[in-house]
Amino acid sequence: MSFTAPKGTYDILPPESSAFLAVRDALSRPAALAGYEYIETPIFEDTALFARGVGESTDVVSKEMYTFQDKGGRSLTLRPEGTAGVIRAVIEHKLYAGQLPVKLWYAGPNFRYERPQAGRYRHFTQVGAEAVGVDDPMLDAEIIALAWEGYRALGLGGFRLLLTSLGDDTCRPAYRALLQAFLRDLDIDDDTRRRADINPLRVLDDKRPAVLAQLDGAPLMVEHLCGPCAVHYDDVRARLADIGVQWEEAPRLVRGLDYYMRTTFEFVHSGLGAQSAIGGGGRYDGLSAAIGGPALTGIGWALGVDRTLLAMRAEGVGLPTAARVQVYGVPLGAAAAERLFGLTAGLRAAGVSADMAYGARGLKGAMKAADRSGAAYAIVLGDRDIRAGTAQLKDLRSGDQLALPLDSLVATILEKLT
RNA sequence: GUGGGUGUAGCUCAGCUGGUUAGAGCACCGGGUUGUGAUCCCGGGUGUCGCGGGUUCAAGUCCCGUCACUCACCCCA
């Protein structure tokens with residue numbers, strides 16, 4: 001074998017690929033039902049968009065970006081996440097000039113240069129949703145509920161919703177100083193000390209026991225929220241409670257992108273190996289201004305399709321696998337094959353999924369193929385039938401077979417299938 | 001970027017202390033039936049034992065290197 005998929009990427013093959021489509025669909029459907037409209041943005045963007053939007057200090061920007069120069073000398077980057085590009089598009093096309101909020105959903109691949117492991121790939125797929133331009137805690141609750149509903153619709157039961165508030169520009173700087181003062185006295189390594197300088201909140205998320213043990217008395221953001229932030233957070237929780245969404249307070253929840261503020265959340269699941277998040281998001285009221293747009297508030301999430309599938313597999317939740325086709329043609333000989341070719345085309349035109357045996361297989365082989373296609377009916381056609389102006393329609397479940405006039409076969413099958 | 005584990009058929013794997021034609025189950029293909037699948041019977045191995053070198057009379061097996069995959073740290077979807 002001379003080529004393999006690049007490190008950290010993988011092929012999504014049938015029959016599992018149908019589950020992939022189904023998950024992507026199920027995760028986006030609740031958003032569509034809530035009036036979110038589909039948007040598609042480029043898979044690569046100006047490198048500076050991510051540097052400024054996601055934040056220079058994040059791991060994503062500082063070491064995980066797929067950056068390249070095109071032939072015009074521009075520095076471009078394969079998107080490591082979806083929100084920055086969507087907000088760029090909202091600004092560029094002044095979508096905010098219309099009715100607000102702008103509600104959008106999207107789905108597609110993202111890229112991060114990381115060491116692959118279970119649940120973590122260099123190419124991964126997310127479904128995302130964003131509500132932009134209206135600062136209303138009800139939108140926070142709505143967006144969270146949409147993700148919740150998506151997971152539930154898939155039959156997933158073992159996920160948890162972690163929730164917290166990261167404060168805003170009014171209260172976070174003071175809290176940040178407080179936390180830094182606390183961290184200064186700890187016995188931690190140089191790397192962690194450096195992180196405490198750049199982004200002290202991230203230290204709270206450290207999973208190493210040696211660090212964890214020292215974080216017990218650390219000050220928490222939720223205890224230092226300013227008035228408006230506290231009210232906002234209370235409102236979000238009240239609305240979630242109203243509609244029966246259950247969450248856990250996660251005061252140390254920190255996410256990897258700098259733009260988050262106020263409401264922040266993560267959906268976690270234990271079936272992903274060392275990874276835990278199957279989806280996450282939050283409010284990013286400063287993002288638009290940071291990338292040169294007007295001061296637009298926004299909240300959104302991104303849900304990992306690959307990770308959701310892993311979680312489903314871990315739980316043993318299956319998806320109904322649909323039959324490949326409804327009708328399968330089994331020809332005996334070249335003349336019959338040509339006749340069936342037209343018949344299957346006619347069936348498809350009438351909205352019936354149909355396939356047939358190609359390549360002059362024997363009758364046995366063709367019947368076998370019909371069986372494996374999952375079709376409800378096989379059309380068996382030979383010279384004898386053609387002479388009689390009929391075809392044999394075989395019900396593959398019962399085994400019953402009857403001769404039907406060729407002329408009206410498509411119509412007859414349509415009738416039987418409905 | 002740092003560690004650990006694993007590489008034998010399409011898949012899951014067996015192959016003991018080196019021993020001569022490399023195996024099983026599943027899958028796949030063909031036949032039993034030139035007009036009938038899912039069952040049954042018969043037949044078929046589809047392979048660069050990851051790759052390169054070394055030790056040996058002899059290497060899938062031992063040694064070195066290398067590559068790939070994988071798991072974990074870190075980080076997150």
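The chains referred to below are lettered A, B, ... by the order of the sequence lines, with proteins before strands, and numbering in each begins at 1.
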Describe the nucleic acid contact of [X] in one word from base, sugar-phosphate, nothing, applying a heavy-atom distance below 4.0 Å.
{"X": "A/Thr308", "answer": "nothing"}
{"X": "A/Gly273", "answer": "sugar-phosphate"}
{"X": "A/Asn110", "answer": "nothing"}
{"X": "A/Ala370", "answer": "nothing"}
{"X": "A/Ile278", "answer": "sugar-phosphate"}
{"X": "A/Gly362", "answer": "nothing"}

- Which sits closer to the 5' end of RNA chain B, A/Leu381 or A/Ala274, going by the nucleotide each is nearest to? A/Leu381
- Task: Specify the residue among A/Ala369 and A/Glu266 whose closest nucleotide of RNA chain B lies further upstream toward the 5′ end.
- Result: A/Ala369
State whether a side-chain donor-acceptor pair under 3.5 Å links [X] with [Y].
{"X": "A/Tyr151", "Y": "A/Glu149", "answer": "no"}
{"X": "A/Asn110", "Y": "A/His123", "answer": "no"}
{"X": "A/Ser75", "Y": "A/Asp46", "answer": "no"}
{"X": "A/Asp395", "Y": "A/Gln401", "answer": "no"}
{"X": "A/Glu142", "Y": "A/Tyr36", "answer": "yes"}

From the set [options], return the single nucleotide nearest to any side-chain atom of [X].
{"X": "A/Arg120", "options": "B/A77, B/G37, B/A72", "value": "B/A77"}
{"X": "A/Arg202", "options": "B/G31, B/C29, B/C76", "value": "B/C76"}
{"X": "A/Asp59", "options": "B/C75, B/C76, B/G31", "value": "B/C75"}
{"X": "A/Gln392", "options": "B/U2, B/G35, B/G32", "value": "B/G35"}
{"X": "A/Arg115", "options": "B/U70, B/U36, B/C75", "value": "B/U70"}

Between [M] and [N], how far apart are the [atom1] atoms? Round to whole Å, please.
{"N": "B/A27", "M": "B/G45", "atom1": "C1'", "value": "13 Å"}
{"N": "B/G25", "M": "B/C40", "atom1": "P", "value": "14 Å"}
{"N": "B/A9", "M": "B/G47", "atom1": "P", "value": "10 Å"}
{"N": "B/U46", "M": "B/C26", "atom1": "C1'", "value": "14 Å"}
{"N": "B/G60", "M": "B/G23", "atom1": "P", "value": "13 Å"}
{"N": "B/C64", "M": "B/G30", "atom1": "C1'", "value": "47 Å"}
{"N": "B/C57", "M": "B/C16", "atom1": "P", "value": "22 Å"}
{"N": "B/A14", "M": "B/U6", "atom1": "C1'", "value": "16 Å"}

Is there a Watson-Crick or G-U wobble partner for [N] with both distances under 3.5 Å, and if so, which one is it?
{"N": "B/C40", "answer": "B/G32"}
{"N": "B/C62", "answer": "B/G54"}
{"N": "B/C75", "answer": "none"}
{"N": "B/A24", "answer": "B/U12"}
{"N": "B/G47", "answer": "none"}

- Note on the structure: Closest non-hydrogen atoms of A/Ile291 and A/Arg88, given as atom of the first, atom of the second and distance, are CD1-N, 4.0 Å
- Residue pair A/Phe50 / A/Thr77: nearest heavy atoms and the distance that separates them: CE1-O, 3.6 Å
Between [N] ([atom2]) and [X] ([atom1]): distance, integer Å:
{"X": "A/Asp395", "N": "B/G37", "atom1": "CG", "atom2": "C1'", "answer": "12 Å"}
{"X": "A/Tyr121", "N": "B/C69", "atom1": "OH", "atom2": "C1'", "answer": "13 Å"}
{"X": "A/Gln401", "N": "B/A38", "atom1": "CD", "atom2": "C1'", "answer": "15 Å"}
{"X": "A/Arg112", "N": "B/C75", "atom1": "CZ", "atom2": "P", "answer": "14 Å"}
{"X": "A/Asp258", "N": "B/C76", "atom1": "CG", "atom2": "C1'", "answer": "14 Å"}
{"X": "A/Asp400", "N": "B/U36", "atom1": "CG", "atom2": "C1'", "answer": "13 Å"}
{"X": "A/Ile386", "N": "B/G35", "atom1": "CD1", "atom2": "P", "answer": "13 Å"}
{"X": "A/Lys368", "N": "B/A38", "atom1": "NZ", "atom2": "C1'", "answer": "10 Å"}

OP1 or OP2 of [N] sitting under 4.0 Å from any side-chain N/O of [X]?
{"X": "A/Gln117", "N": "B/A72", "answer": "yes"}
{"X": "A/Lys63", "N": "B/G1", "answer": "no"}
{"X": "A/Arg384", "N": "B/U34", "answer": "no"}

Go through the N and O atoms of the side chain of [X] and the base of [N], and report whether any donor-acceptor pair is under 3.5 Å.
{"X": "A/Gln275", "N": "B/A72", "result": "no"}
{"X": "A/Arg307", "N": "B/C76", "result": "yes"}
{"X": "A/Glu81", "N": "B/C76", "result": "no"}
{"X": "A/Lys394", "N": "B/G35", "result": "no"}
{"X": "A/Arg255", "N": "B/C76", "result": "no"}

- Mind telling me whether A/Phe267 and A/Trp148 have parallel, tilted or perpendicular rings, with 30° and 60° as the class edges? tilted
- Indicate, with yes or no, if the rings of A/Trp247 and A/Phe265 have centres closer together than 6.0 Å. no
